[in-house]
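Numbers restart at 1 for each chain; the letters A, B, ... are given by sequence-line order, proteins then strands. Remember, predicted model here, so these are calculated numbers, not experimental data.
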Amino acid sequence: MEPRETDSSQLLGRVFIWRNMAAKHNSGYEESNLYRIRHSAAHVMAEAVLEKFPEGKVAIGPAIADGFYYDFELPRALTPEDLEEIEGNMRRIIKGKHAFTRKELSADEARELFADQPFKIELIDGLERGGFDEDGNPTDEKQVISIYQQDSFVDLCRGPHVSNTAEINPDAIKLLNVSGAYWRGDEKRPMLQRIYGTAWEKAEDLQAYLWKLEEAKKRDHRKLGKELDLFSINDEVGQGLILWHPKGAKIRRLIEDYWGSEHEKHGYDFVYTPHVGKSQLWETSGHLGFYNENMYSPIEIEGVKYYIKPMNCPFHLYIYKSSIRSYRDLPIRYAEEGTVYRYERSGVLHGLTRVRGFTQDDAHHFCRPDQMPDEIDFVVEFSINILKAFGFKEFQAYLSTRPEKAVGDPEQWKAAEDALEASLKRHNLPYEIDAGGGAFYGPKIDFKVNDAIGREWQLTTVQFDFNEPERFDITYIAEDGQPKRPYMIHRALLGSLERFFGVLIEHYAGAFPAWLAPIQAEIIPIADRHLDYAQKIAAELREKGLRVHVDSRADRMNAKIRDAQRAKVPYMLIIGDKEMEAYKVALRKRSGEDLGAIPVEDFVQLALEEVAQKV
RNA sequence: GCCGACAUAGCUCAAUUGGCAGAGCAGCCGCCUUGUAAGCGGCAGGUCAUGGGUUCAAGUCCCAUUGUCGGCUCCA
């Protein structure tokens, strides 16, 4: 799949995208004034960079979600001080009130103009051949070669731009960081320096955006994971391998319990499969052919090679194949929290969201062709309902259709794509179609959820598979007594427990709702003489199914409140003489709300209610 | 993997032009017995990521390795 231009805009992580990105596709971002401002700011930045490095080579500089970037080849690596200087010079250029002027010219004229800019020459050659725009993205339209000039800077550019640099607010721009980026995204091509910046119409918008970046930093699951003692990653263990600490593991178990009971209720059968399988298995599945570079090297025992599984499907296929299936048996839904290992390049690893060992909440559906639309509908609805329980309210769907190279009958593809799309429509989900973006073996829907501060995260994936049923030759006996090929759907709903946990930490900023909180109530005795009573209350609350802890340290009440507050425990129960006498607890919520002394049974009722409501 | 930055106590961070490795929090031991976000005192805690090198002297300078972070590419 061609990378979306906007996928490269991530400043704070790899798997989420800001809401604006979706807006870009949906609501004419490219026609907006803001887009022009950002694209123009990129040109102004390039001017400022060339001022400082006249021998520098410029590559491309588009507007992206929330900002812009420009790629350069420069004689040395840029420092943060350079960025400040460049940013200052941008303001000077902006204040010079230079007009942006457009001119069309022939390829030869353009080549002459950009004679000392090899990247531009390559783009011009591409434009002349057609099929690509000046950012190297495929296009159907025949390209006109145009240039834009402001002040001393001329760039090969399709536009559009603002008419004058004065339309860029000098108080609403900021350069954010510099990083490496391959020319045309190809690792075999030169590594360029990319400067990311952001630009807005008003200074307040910039401030709001910077605040959002700060907020995202505060919610970073790697930071919170350490502070709240949820998980760790250790060099000695290995990169991308997660150690779940007791509190993180508790949350995981709660997620798994909920996940399991919902699957139980909705017609899934649970299966367990091994962590390794013989090389023959992976040859049959095609993974050794298509996926080899992502697999861990094989282990050889008694002359037989075993691979650690990167996916669970082949095992589920053999469970299906273990007996003859009737059309009456279908649909069959096998679910497993299957732990897989994939070799990911060291540079891509990221906290919990990109790891080398992870547990997919995997399932495979086998159904008759006529059941397929219902099966899709079911999966879509089931997924959305489960995600909603975790506080996600907004979803985006991405439907990826048949690529050029694909296995399976085009008619089947069409039917599957139509079923996927129809289901999205029925459920009123906003979606985009990524034409040709499907895997070679089938079309898919990915769901992205919007978290509490509006970032998009990819979790759910529902994929059709026209390949493996064929490769493993699975069948069911149809009404006419003849074997037929079932349809197969892969789906991971939370994605992986690791990634989901990471997203959940950021979504809730570590303040898990009562039903997920590892400790729901911290009991805080004021003085030692209240300890026995505190233990008694704790036992009673545990009896009722609440997760409580008694802070029996010799510290002062204030210190205990502070610690419980920082641990983001939902309820603090303060116990002193008054409470002891009346069999009460003084309830403080982590919001800071002080509900005063209430009878123990009242607290139990309140807490159990909130747990049940998953708020 | 690639480009760049970084790596000091369990955590967050100091350490001047190369000159005896420090603080707060957490931990442990005491005292205090406490009413809604840190009570007081003491003790202990370090192969300055690892391995080389330069130097009378290296946390500090140089080289390599490992890891982390920001991106690129890829993805659950």
* In whole angstrom, give the distance that lies between atom CG of A:Asp71 and atom C1' of B:U73. => 13 Å
* Asked: Taking only residues two or more places apart in sequence, or in another chain, which ones meet A:Pro274 in a side chain to side chain contact (heavy atoms under 4.5 Å, CB included)?
  -> A:Phe315
* Sequence neighbours left out, what passes ring pair (Phe, Tyr, Trp, His ring centres under 6.0 Å) with A:Phe68? Give chain and number order. => none
* To do: Answer with base, sugar-phosphate or nothing: what part of the nucleic acid does A:Gly495 contact at a heavy-atom distance below 4.0 Å?
  => sugar-phosphate
Table of protein N/O atoms under 3.5 Å from nucleotides 33-38 of chain B N/O atoms:
{"residue": "B:U33", "atom": "O2'", "partner": "A:Arg529", "partner atom": "NH1", "Å": "3.3"}
{"residue": "B:U33", "atom": "O2", "partner": "A:Asp528", "partner atom": "N", "Å": "3.1"}
{"residue": "B:U33", "atom": "N3", "partner": "A:Asp528", "partner atom": "OD2", "Å": "3.0"}
{"residue": "B:U33", "atom": "O4", "partner": "A:Asp528", "partner atom": "OD2", "Å": "3.0"}
{"residue": "B:U34", "atom": "OP2", "partner": "A:Arg529", "partner atom": "NH2", "Å": "3.3"}
{"residue": "B:U34", "atom": "O2", "partner": "A:Arg556", "partner atom": "NE", "Å": "3.2"}
{"residue": "B:U34", "atom": "O2", "partner": "A:Arg556", "partner atom": "NH1", "Å": "3.0"}
{"residue": "B:U34", "atom": "O2", "partner": "A:Arg556", "partner atom": "NH2", "Å": "2.9"}
{"residue": "B:G35", "atom": "O6", "partner": "A:Asp577", "partner atom": "N", "Å": "2.8"}
{"residue": "B:G35", "atom": "O6", "partner": "A:Lys578", "partner atom": "N", "Å": "3.2"}
{"residue": "B:G35", "atom": "N1", "partner": "A:Glu579", "partner atom": "OE1", "Å": "2.9"}
{"residue": "B:G35", "atom": "N1", "partner": "A:Glu579", "partner atom": "OE2", "Å": "3.4"}
{"residue": "B:G35", "atom": "N2", "partner": "A:Glu579", "partner atom": "OE1", "Å": "3.4"}
{"residue": "B:G35", "atom": "N2", "partner": "A:Glu579", "partner atom": "OE2", "Å": "2.5"}
{"residue": "B:U36", "atom": "O2'", "partner": "A:Arg588", "partner atom": "NH1", "Å": "3.3"}
{"residue": "B:A37", "atom": "N7", "partner": "A:Arg588", "partner atom": "NH2", "Å": "3.3"}
{"residue": "B:A38", "atom": "N9", "partner": "A:Arg562", "partner atom": "NH1", "Å": "3.4"}
{"residue": "B:A38", "atom": "N7", "partner": "A:Arg562", "partner atom": "NE", "Å": "3.2"}
{"residue": "B:A38", "atom": "N7", "partner": "A:Arg562", "partner atom": "NH1", "Å": "3.4"}
{"residue": "B:A38", "atom": "N7", "partner": "A:Arg562", "partner atom": "NH2", "Å": "2.9"}
{"residue": "B:A38", "atom": "N6", "partner": "A:Arg562", "partner atom": "NH2", "Å": "2.8"}
{"residue": "B:A38", "atom": "N1", "partner": "A:Arg562", "partner atom": "NH1", "Å": "3.3"}
{"residue": "B:A38", "atom": "N3", "partner": "A:Arg562", "partner atom": "NH1", "Å": "3.2"}

* **Main-chain N/O of A:Asp577 paired to A:His530 side chain as donor or acceptor, under 3.5 Å** => yes
* Mind checking the P distance from B:U12 to B:U73? Whole angstroms is fine. -> 31 Å
* Asked: Rounded to whole angstroms, how far apart are CZ on A:Arg354 and P on B:G1?
  -> 14 Å
* Quick one: side-chain hydrogen bond (donor to acceptor under 3.5 Å, both in side chains) partners of A:Arg253, sequence neighbours excluded? -> none
* Take atom C1' in B:A26 and the same atom in B:U66, then report the distance between them in whole Å. => 28 Å
* Spacing between A:Lys444 atom NZ and B:A76 atom C1', to the nearest angstrom -> 10 Å
* A:Asp563/A:Arg553 ion pair, N-O < 4.0 Å -> yes
* Asked: Could you give all pairs that pass the side-chain hydrogen bond (donor to acceptor under 3.5 Å, both in side chains) test and reach residues 230-239 of chain A, with sequence neighbours left out?
  -> A:Ser232-A:His245
* To do: Establish whether the base of B:C75 is bridged to the side chain of A:Arg499 by a donor-acceptor pair shorter than 3.5 Å.
  => yes
* Asked: Say you pick atom P in B:G19 and the same atom in B:C61; how far apart are they, in whole Å?
  -> 11 Å
Can I get a per-line list of side-chain donor-acceptor pairs under 3.5 Å for residues 286-294 of chain A, giving both atom names and the distance, sequence neighbours left out?
{"residue": "A:His287", "atom": "ND1", "partner": "A:Ser285", "partner atom": "OG", "Å": "2.7"}
{"residue": "A:Tyr291", "atom": "OH", "partner": "A:Arg342", "partner atom": "NE", "Å": "3.4"}
{"residue": "A:Tyr291", "atom": "OH", "partner": "A:Arg342", "partner atom": "NH1", "Å": "3.3"}

* Determine, using ring centers only, whether A:Phe382 and A:Tyr268 are less than 6.0 Å apart. => yes
* Structure fact -> Per nearest nucleotide of RNA chain B, the residue lying toward the 5' end, A:Gln193 or A:Val355, is A:Gln193
Please list each protein N or O that sits under 3.5 Å from an N or O in nucleotides 64-69 of chain B, with the distance.
{"residue": "B:G67", "atom": "OP1", "partner": "A:Gln239", "partner atom": "OE1", "Å": "2.9"}
{"residue": "B:G67", "atom": "O2'", "partner": "A:Asp235", "partner atom": "OD1", "Å": "3.2"}
{"residue": "B:U68", "atom": "OP2", "partner": "A:Gln239", "partner atom": "NE2", "Å": "2.7"}
{"residue": "B:C69", "atom": "OP1", "partner": "A:Arg222", "partner atom": "NH1", "Å": "3.2"}
{"residue": "B:C69", "atom": "O3'", "partner": "A:Arg222", "partner atom": "NH1", "Å": "3.4"}

List every contact pair, protein side and nucleotides 6-12 of chain B side both N or O, where the distance is under 3.5 Å.
{"residue": "B:U12", "atom": "OP1", "partner": "A:Lys226", "partner atom": "NZ", "Å": "3.2"}

* To do: Would you check if there is a donor-acceptor pair between the side chains of A:Gln458 and A:Arg499 at a distance under 3.5 Å?
  => no
* Given the C1' atoms of B:C62 and B:C72, what is the spacing between them in whole Å? -> 29 Å
* Inter-nucleotide C1' distance (B:C20, B:C63), Å rounded -> 28 Å
* Asked: Based on Watson-Crick and G-U pairs with both distances under 3.5 Å, what dot-bracket line describes RNA chain B 5' to 3', crossing pairs as [ ] and inter-strand pairs as |?
  -> (((((((..((((.....[..)))).(((((.......))))).....(((((..]....))))))))))))....
* Given B:C72, is OP1 or OP2 found less than 4.0 Å from the side-chain N or O atoms of A:Tyr196? -> yes
* Asked: Could you state the CG-C1' distance from A:Leu83 to B:G70, rounded to the nearest angstrom?
  -> 12 Å
* To do: Whole angstrom is fine here: how far is it from CD in A:Glu337 over to P in B:A76?
  => 19 Å
* To do: Provide the distance between the two P atoms, one in B:U60 and one in B:A15, to the nearest whole Å.
  => 14 Å
* Asked: Between the side-chain atoms of A:Tyr343 and the base atoms of B:G1, is any donor-acceptor pair under 3.5 Å?
  -> no
* Take atom C1' in B:G35 and the same atom in B:U8, then report the distance between them in whole Å. => 41 Å
* Asked: What integer distance in Å separates A:Arg194:CZ from B:G4:P?
  -> 16 Å
* Asked: How far does the C1' atom of B:U54 sit from the matching atom of B:C40, given to the nearest Å?
  -> 50 Å
* Asked: Would you call A:Arg76-A:Asp82 a salt bridge at under 4.0 Å N-O?
  -> yes
* To do: Mind checking salt bridge (Lys or Arg N to Asp or Glu O under 4.0 Å) for A:Lys589 and listing every partner two or more places apart, or none if nothing turns up?
  => A:Glu610
* Asked: Would you call A:Glu394 and A:Lys448 a salt bridge, using N to O less than 4.0 angstrom?
  -> no
* To do: Take the protein atom CG of A:Asp563 and the nucleotide atom P of B:G27, then report the distance between them rounded to whole Å.
  => 8 Å
* To do: Name the orientation class of the two ring planes belonging to A:Tyr441 and A:His490 (parallel below 30°, tilted from 30 to 60°, perpendicular beyond 60°).
  => tilted
* Asked: How close or far is atom P of B:C75 from atom CE of A:Met311, stated in whole angstroms?
  -> 10 Å
* To do: Under the ring pair (Phe, Tyr, Trp, His ring centres under 6.0 Å) rule, collect the residues that match up with A:Phe72, sequence neighbours excluded.
  => A:Tyr70
* Asked: Listed by chain and number, what are the ring pair (Phe, Tyr, Trp, His ring centres under 6.0 Å) partners of A:Phe119, not counting sequence neighbours?
  -> A:Trp183
